[in-house]
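Read the numbers this way: they start at 1 and go in the same order the structure lists the ligands and their atoms.
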Amino acid sequence: MSDCLFCRIAAGEIPSTPYYSDENVYAFADIDPKAPFHAVVIPRAHIPSAAAVDPTNSEAVARVFEAIAKIAAEQGLDKGFRVVTNVGEDGGQTVPHLHFHLLGRRLLAWPPG
Ligand code: 5GP
Ligand code: ZN
């Protein structure tokens, strides 16, 4: 998917600041951080959103959450953190490649806006 922003970031065609990389997962600093620590964690496989997760691709989601646990430990987010995925127009999704926001280093209000 050469026209997908996050596929291009994962391929290194668009520069980003990496937090984690393996054959299945890439995590990088959000360009417009919403917390003192804000990573975007993506499967390398192009999945449009959480609405498109099914038994053929859900392994990628497990790999993403394994990476999230590693990143959170590496970053010392011992007091907690939040993982968010926005879906579609009402969910506020702006990039149509499944991604998880990993937010931390501040108290995060609940419920979100
Ligand atoms: P969404 O709004 O779809 O849930 O999340 C997309 C996220 O990607 C936003 O938080 C936005 O700041 C981030 N983003 C958009 N374009 C780029 C980019 O070119 N580089 C990086 N590092 N982050 C981006
Ligand atoms: Zn993509």
Side-chain angles (χ1 to χ4, degrees):
M1 268 250 172
S2 58
D3 59 342
C4 169
L5 174 64
F6 285 176
C7 282
R8 296 188 67 196
I9 285 177
E13 293 171 23
I14 294 172
S16 62
T17 301
Y19 286 119
Y20 181 86
S21 180
D22 69 22
E23 61 186 334
N24 298 302
V25 179
Y26 185 60
F28 54 98
D30 197 290
I31 205 167
D32 180 18
K34 310 300 190 294
F37 181 79
H38 186 172
V40 178
V41 189
I42 66 173
R44 289 188 180 276
H46 181 86
I47 300 170
S49 78
V53 174
D54 64 26
T56 70
N57 60 25
S58 59
E59 271 295 302
V61 180
R63 301 288 89 80
V64 163
F65 273 82
E66 289 165 10
I68 286 170
K70 285 183 192 166
I71 297 163
E74 276 169 18
Q75 294 291 328
L77 304 180
D78 306 329
K79 287 182 74 181
F81 55 87
R82 184 168 293 163
V83 179
V84 176
T85 189
N86 298 323
V87 180
E89 191 181 344
D90 277 7
Q93 183 179 11
T94 60
V95 179
H97 179 127
L98 177 64
H99 55 280
F100 295 84
H101 299 267
L102 172 51
L103 303 153
R105 289 206 192 107
R106 72 169 167 84
L107 184 61
L108 297 155
W110 190 262

Q.
Closer than 3.5 angstrom, by distance alone: can the side chain of R44 be matched with the main-chain N or O of A60 as a donor-acceptor pair?
A. no
Q. Got the closest protein heavy atom to atom 16 (N) of ligand 1, with its distance?
A. L5 CD2, 3.4 Å
(Q) Counting only heavy atoms closer than 4.0 Å, does ligand 1 sit against the backbone of T85, its side chain, both, or neither? (A) neither
**Q.** Name of the H97 atom (N/O/S only) found closest to the Zn ion (ligand 2)
**A.** ND1
**Q.** Per-residue contact class, F100 against ligand 1 - non-hydrogen pairs under 4.0 Å
**A.** neither
Q. Does the separation of the ring centres of F6 and Y26 fall below 6.0 angstrom?
A. no
Q.
Heavy-atom contact check, 4.0 Å cutoff: does T17 meet ligand 1?
A. no
**Q.** side-chain hydrogen bond (donor to acceptor under 3.5 Å, both in side chains) against R105, all qualifying residues, sequence neighbours excluded
**A.** Q75
Q.
Just to be sure I'm reading this right: ignoring hydrogens, which of H38, Q93, R8, H99 gets closest to atom 6 (C) of ligand 1? Compare them by their nearest heavy atoms.
A. H99
Q.
Working to 10°, measure the angle at the Zn ion (ligand 2) formed by atom SG of C4 and atom SG of C7.
A. 120°
(Q) Side chain or backbone, does S16 bring an N or O within less than 3.5 Å of an N or O on ligand 1? (A) no
Q: Return the name of the atom in H46, of element N, O or S, nearest to the Zn ion (ligand 2).
A: ND1
Q) If only atom types and distance count, is the side chain of D30 paired as donor or acceptor with the main-chain N or O of L103 below 3.5 Å? A) no
Q. Identify the closest protein heavy atom to atom 8 (O) of ligand 1: which residue and atom is it, and at what distance?
A. F6 CZ, 3.4 Å
Q: Examine ligand 1 and decide if any of its atoms is less than 4.0 Å from a heavy atom belonging to G92.
A: yes
Q.
Taking 4.0 Å as the limit for heavy-atom contacts, which would you say applies to N86 with ligand 1: side chain only, backbone only, both, or neither?
A. side chain
Q. Going by the order shown, which atoms of ligand 1 are within less than 4.0 Å of some heavy atom of K34?
A. 10 (O)
Q.
Looking only at protein heavy atoms, which one is nearest to atom 17 (C) of ligand 1, and what is the separation?
A. I31 CG2, 3.8 Å
Q. How far is atom 7 (C) of ligand 1 from its nearest protein heavy atom, and which residue and atom name does that atom have?
A. D30 OD2, 3.5 Å
Q: Give, for atom CG of L102 and atom CZ of F65, the distance between the pair rounded to the nearest 0.5 Å.
A: 9.5 Å
Q. Ignoring hydrogens and geometry, is there a side-chain-to-backbone donor-acceptor pair from S49 to L98 under 3.5 Å?
A. no
Q. Salt bridge check: are E59 and R63 linked by an N-O gap of less than 4.0 Å?
A. yes
Q: Identify, for atom 22 (N) of ligand 1, the protein heavy atom at the shortest distance, and state residue, atom and that distance.
A: A29 O, 2.9 Å
Q) Do the side chain of R82 and the main chain of H101 share a donor and acceptor less than 3.5 angstrom apart? A) no
Q: Could you check atom 2 (O) of ligand 1 against the protein and tell me its nearest heavy-atom contact, residue, atom and distance included?
A: T94 OG1, 2.8 Å
